[in-house]
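Just so we're on the same page: letters track the sequence lines, and every chain starts at 1. Values in this document were obtained by computation on a predicted structure and should not be read as measured data.
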Amino acid sequence: MPSTEKTNHNFALDVHEVAKLVPRGRVTSYGAIAHYLGKRVTARMVGWAMHACPPGVPAHRVVNSKGILSGKQHFKTPELMQKLLEKEGHQIVDDKIQRFGDVFWNPSEELA
DNA sequence: AATCTGACGGGCA
DNA sequence: GTGCCCGCCAGAT
C-alpha cells in the first residue's frame, strides 16, 4: 500500500513496488504510476525512481504515455528492453509498442 | 549556494 | 498533427 500522504521522499520505493505488480504481457506508463501514487509524484519522479530500480523490477514494462521505449538507453544494452517485451508477446515497431491501448495496465483502475 | 538536467505528461499555440 | 512551456523534486555539476 503506497503512501499518498504529504512529503514522501521515499516514493521511489512505492514506484518500484507498483512496477513489480505489472502483469507479464502488460505494460504501464510513468504517468500512470505517478497518478496512482498521488499528485505530488509526477512522471518525472517515476523516471528518476526507475533510474535506481533494484533487480526484480520489470522496468521494461514501464514506457512513456505514447507506448515508446523511452528508457531503453538505460538498460544494459538498448536492445534488451525491446527484446524482453517481445518475449512477453508484444509487437514493437520503431521503439513503439503496438496495441498499446490493449496491453496498457493502469494501476489506478486495475489495482484501485 | 545556484543552476541545469532528467527513463515524463498535459495543456495550449 | 507538431512543438513549446511549465511543473514536479532529487542528483549532479
**Student:** Between N10(A) (CG) and dA10(C) (P), how many Å, whole number?
**Tutor:** 11 Å
**Student:** Going by salt bridge (charged side-chain N to carboxylate O under 4.0 Å, His left out), name the residues that satisfy it together with E110(A), two or more places apart in sequence or in a different chain.
**Tutor:** none
**Student:** Specify the closest pair of heavy atoms between S29(A) and F104(A), including all atoms of both residues, with the distance to one decimal.
**Tutor:** N-CE1, 3.6 Å
**Student:** Nearest whole Å is fine: how far is dG9(B) C1' from M50(A) CE?
**Tutor:** 17 Å
**Student:** Starting at CZ of F11(A) and ending at P of dA7(B), how long is that distance when rounded to a whole Å?
**Tutor:**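 Computing the F11(A):CZ to dA7(B):P distance gives 16 Å.
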**Student:** Checking side-chain hydrogen bond (donor to acceptor under 3.5 Å, both in side chains) against H60(A), which of H90(A), K72(A), Q82(A), E88(A) comes through?
**Tutor:**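 In the set H90(A), K72(A), Q82(A), E88(A), the residue that makes a side-chain hydrogen bond (donor to acceptor under 3.5 Å, both in side chains) with H60(A) is E88(A).
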**Student:** Please measure how far the C1' atom in dA7(B) lies from the corresponding atom in dT2(C), and state the result in whole Å.
**Tutor:** 23 Å
**Student:** Starting at NE2 of H35(A), measure out to CG of L37(A) and round the result to the nearest 0.5 Å.
**Tutor:** 10.5 Å
**Student:** Nearest whole Å is fine: how far is dG9(B) P from Y30(A) OH?
**Tutor:**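 Atom OH in Y30(A) sits about 8 Å away from atom P in dG9(B).
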**Student:** Kindly check if the number of other-residue, nucleotide or ligand heavy atoms within 6.0 Å of CD (Q91(A)) is above 12?
**Tutor:**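 It does not: Q91(A) CD has 12 such atoms or fewer within range.
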**Student:** Please enumerate all protein N or O atoms sitting under 3.5 Å from an N or O of nucleotides 6-8 of chain C, with distances to 0.1 Å.
**Tutor:**
from, atom 1, to, atom 2, distance (Å)
dG7(C), O6, R44(A), NH1, 2.7
dG7(C), N1, R44(A), NH1, 3.3
dC8(C), O2, T42(A), OG1, 3.0

**Student:** Over how many whole Å does the gap from H16(A) atom NE2 to dA7(B) atom P extend?
**Tutor:**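 The answer, rounded to whole Å, is 15 Å.
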**Student:** A34(A) and T42(A): which non-hydrogen atoms are nearest, and at how many Å?
**Tutor:** CB-C, 3.5 Å
**Student:** Taking atom CD of E86(A) and atom CD1 of I92(A), what is their separation to the nearest 0.5 Å?
**Tutor:** 4.5 Å
**Student:** Let's see if you get this right: which residues in residues 60-97 of chain A place a heavy atom under 4.0 Å from DNA chain B?
**Tutor:**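 DNA chain B contact set from residues 60-97 of chain A: N64(A), S65(A), S70(A), G71(A), H74(A), F75(A).
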**Student:** Hey, mind stepping through M50(A) and Y30(A) against side chain to side chain contact (heavy atoms under 4.5 Å, CB included) and telling me if it holds?
**Tutor:** CA-CA 9 Å; M50(A) 294 312 285; Y30(A) 303 95; 4.2 Å; yes
